[in-house]
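Contents: one structure, followed by commentary.
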Amino acid sequence: MKFFIINSGSSSIKYQVIEMETESVLATGLVERIGEEVGRLKNTCFPGTPDERESVIEQPIPDHYSGMMLVIAVLTDKDKGVIGDTSEISAIGHRVVHGGEDFHASTRITPEVIEAVKHNIPLAPLHNPANLDGIRVAMEIFAQVPQVAVFDTAFHQTMPPRAFMYALPSSLYEQDRVRRYGFHGTSHRFVAGECARMLGKPLAECNLITVHLGNGCSMTAIENGRSIDTSLGMTPLEGLVMGTRSGDVDPALHLFLKQNKGMELEAIDALLNKESGLKGLCGMNDMRDIHKAVEAGDARAAMALDVQTYRNRKYIGAYMAVLGRVDGIVFTAGIGENDAIVRAESLKGLEFLGVRLDAAKNKQRAKEARCISLEDSPVRVFVIPTNEELAIAREVANVVRG
Ligand code: ADP
C-alpha cells in the first residue's frame with residue numbers, strides 16, 4: 001500500500017510517497033517558486049538507501065495544478081520513477097495547519113470538511129488557503145483516491161478551558177474563537193507515541209513533556225497520552241524563543257511600538273514573526289552558527305542561547321507543576337535532536353525535580369531515538385527524531401482503515 005503525503009504551501013508543495021508495509025520512503029520532494037518566472041522541482045527517489053537518486057527540474061510552474069502534474073510525471077517516469085501509474089496510490093494525506101475547534105482528529109476529506117477548513121481561514125490566513133490549494137488539486141487529479149486531512153491543531157483539542165482560555169472578555173472566545181489552539185500537534189503526538197514504546201507503557205498511561213525545537217519551537221504537557229497544555233497559542237507565535245519568532249512578549253508592546261516608533265500593525269507583526277527570536281537577539285537563527293559565534297566570544301550570541309534555554313527551562317518547570325508526575329521529557333526537531341548544549345542548558349538545575357541528565361549520553365551523536373538520562377533518574381529524558389510525514393501517513397492509515 002502506497003500513500004502520497006502532501007504539505008502544500010502558498011508557493012510550494014512538499015511531498016513524500018511512503019510504502020506503508022515497511023514505512024519506507026519511496027520518494028520525497030519539493031516543488032517551489034510556484035507562480036514565479038521559473039519554478040523548481042527537486043525529487044529524491046529511495047532517500048538514504050544505496051539506490052538514492054536525485055533529479056531537479058527548473059521550468060515555469062504557473063499554479064499548484066501544474067506543480068502536482070509535474071510531480072506525478074516524475075514519480076511515474078518509466079526509467080526514473082517509483083510507481084507505474086497513479087492507481088498505485090491508495091490514499092493521500094494532507095497536512096492542514098488550522099482545524100480550529102472543528103477537528104479533534106484526522107478526518108476523511110469531504111465537501112463539508114473543505115467548508116470547515118475554509119471556516120478556519122481567519123485563524124490561519126496564510127496557511128489554510130495554501131493547504132486548500134493542495135487539497136483541491138489532489139481531489140481533481142486523484143478523484144477516486146481517499147484523501148485525509150491531518151491537522152496541526154487537532155492533538156491539542158483535548159486541552160481544558162483553563163489552559164486554552166486567554167483572560168480576555170469571554171465574548172472574544174464565544175464570538176470570535178480567540179483562544180489557544182497550539183500547533184506542531186502531529187509531531188508532539190508522534191514522539192509521544194514513540195516515547196511510550198520506549199517506556200514500555202501504553203501512551204494512555206504516560207505523562208510526558210514533549211519539546212519540539214526546530215525553526216518553530218513548542219512544548220506540550222501530555223497527561224495520560226492527551227495534550228493538556230501547549231506553548232503555541234492562537235497563532236504559532238506564543239511561547240518559546242524560536243528562530244525568528246519572539247515567543248512570549250508583553251502584549252502592550254504593540255501599543256508601545258505604535259506610539260513611540262509610529263509602526264503600523266503589519267510592520268509589528270512582521271517584526272515579531274520574522275525579525276525576532278534568536279535572529280532578533282543576535283542576528284543569527286541557525287543554532288549551529290550561534291554556537292560557533294559563542295565560541296568566538298560573541299556576547300550577543302551567548303545571550304540568545306541563554307534567553308532561549310532559560311525560556312525552555314521555565315516552561316519545563318511550569319509543565320512539571322501542571323502534570324505532577326512526569327515519566328519522560330522528550331527533545332525533538334532540528335535543535336532538540338542535535339544540540340546537546342541546548343538540551344543540557346534547558347534542563348540545568350532541574351535535578352531537584354528528579355531530572356538527572358547523563359552528560360556523556362547527552363553528548364553522543366546519533367540518529368536513533370535514545371534515552372539520555374541517568375539510570376536512576378526519576379524523570380527520564382529522551383531524544384526522539386520526529387517524522388511528520390510518517391506521522392501523517394500513520395494517521396491516514398488509521399482513518400482509511402476506520
Ligand atoms: P523546521 O521547524 O523548519 O522543520 P527543523 O526541525 O529542521 O526546522 O530545525 C531547523 C533548525 O535546527 C536549524 O535552524 C538549526 O538551528 C537547527 N539544527 C539543525 N542541525 C543542527 C545541529 N547539528 N546542531 C544544532 N542545531 C541544529
Side-chain angles (χ1 to χ4, degrees), residues 5-16 25 28-30 32 42 44 47-48 95 97 126-127 130 150 152 182-191 194 210-220 230-232 235-247 273-296 298 300-302 304-309 311-312 330-347 362-370 372 383-392:
I5 307 303
I6 298 170
N7 182 354
S8 174
S10 55
S11 64
S12 67
I13 304 171
K14 222 170 132 184
Y15 63 89
Q16 280 196 0
V25 179
T28 180
L30 173 67
E32 47 187 350
K42 183 178 165 197
T44 308
R95 176 179 182 216
V97 166
L126 297 179
H127 292 101
V150 179
D152 273 16
F183 298 86
H184 294 148
T186 320
S187 172
H188 288 288
R189 166 78 184 73
F190 179 82
V191 297
E194 296 295 300
T210 48
V211 189
H212 178 114
L213 303 176
N215 272 317
C217 300
S218 68
M219 196 179 299
T220 297
T230 194
S231 60
L232 290 171
T235 75
L237 184 57
E238 203 181 336
L240 307 180
V241 176
M242 307 180 224
T244 63
R245 291 178 247 165
S246 63
N273 276 291
K274 301 200 174 109
E275 301 300 330
S276 297
L278 297 169
K279 185 180 175 195
L281 286 165
C282 71
M284 290 166 271
N285 58 331
D286 190 309
M287 203 40 108
R288 290 162 289 198
D289 297 334
I290 293 176
H291 287 306
K292 276 188 215 141
V294 172
E295 276 167 34
D298 183 330
R300 284 209 182 112
L305 185 64
D306 202 26
V307 173
Q308 192 197 48
T309 54
R311 182 85 52 88
N312 292 344
V330 183
F331 286 91
T332 192
I335 298 172
E337 290 165 29
N338 294 300
D339 198 321
I341 296 173
V342 168
R343 290 192 299 257
E345 288 294 312
S346 302
L347 298 174
N362 181 42
K363 279 193 196 124
Q364 261 165 26
R365 296 194 60 82
K367 284 212 151 103
E368 292 75 39
R370 59 203 183 275
I372 56 167
V383 177
I384 301 183
T386 191
N387 186 338
E388 258 174 300
E389 285 79 14
L390 179 58
I392 292 174

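Note that ligands are numbered from 1 as they come in the structure, with each ligand's atoms numbered from 1 the same way.
Around ligand 1, the residues contributing at least one heavy atom under 4.0 Å from the ligand are Gly214, Asn215, Gly216, Asn285, Asp286, Met287, Arg288, Ala333, Gly334, Ile335, Asn338, Asp339, Arg365.
Using cut-offs of 30° and 60° for the angle between ring planes, the His212 and His188 rings count as tilted.
In terms of modelled atom types and a separation under 3.5 Å, the side chain of Thr186 and the main chain of Asp152 share no donor-acceptor contact. Side chain of Asn362 to backbone of Ala340: a donor-acceptor contact under 3.5 angstrom is found. Between the side chain of Arg311 and the main chain of Gly239, a donor-acceptor pair closer than 3.5 Å is present.
Glu337 meets the salt bridge (charged side-chain N to carboxylate O under 4.0 Å, His left out) test with no other residue; sequence neighbours excluded.
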| task | Evaluate side-chain contact (heavy atoms from CB on, under 4.5 Å) for Asn338 paired with Arg365, printing each intermediate quantity in order. | result | CA-CA 7 Å; Asn338 294 300; Arg365 296 194 60 82; 3.5 Å; yes

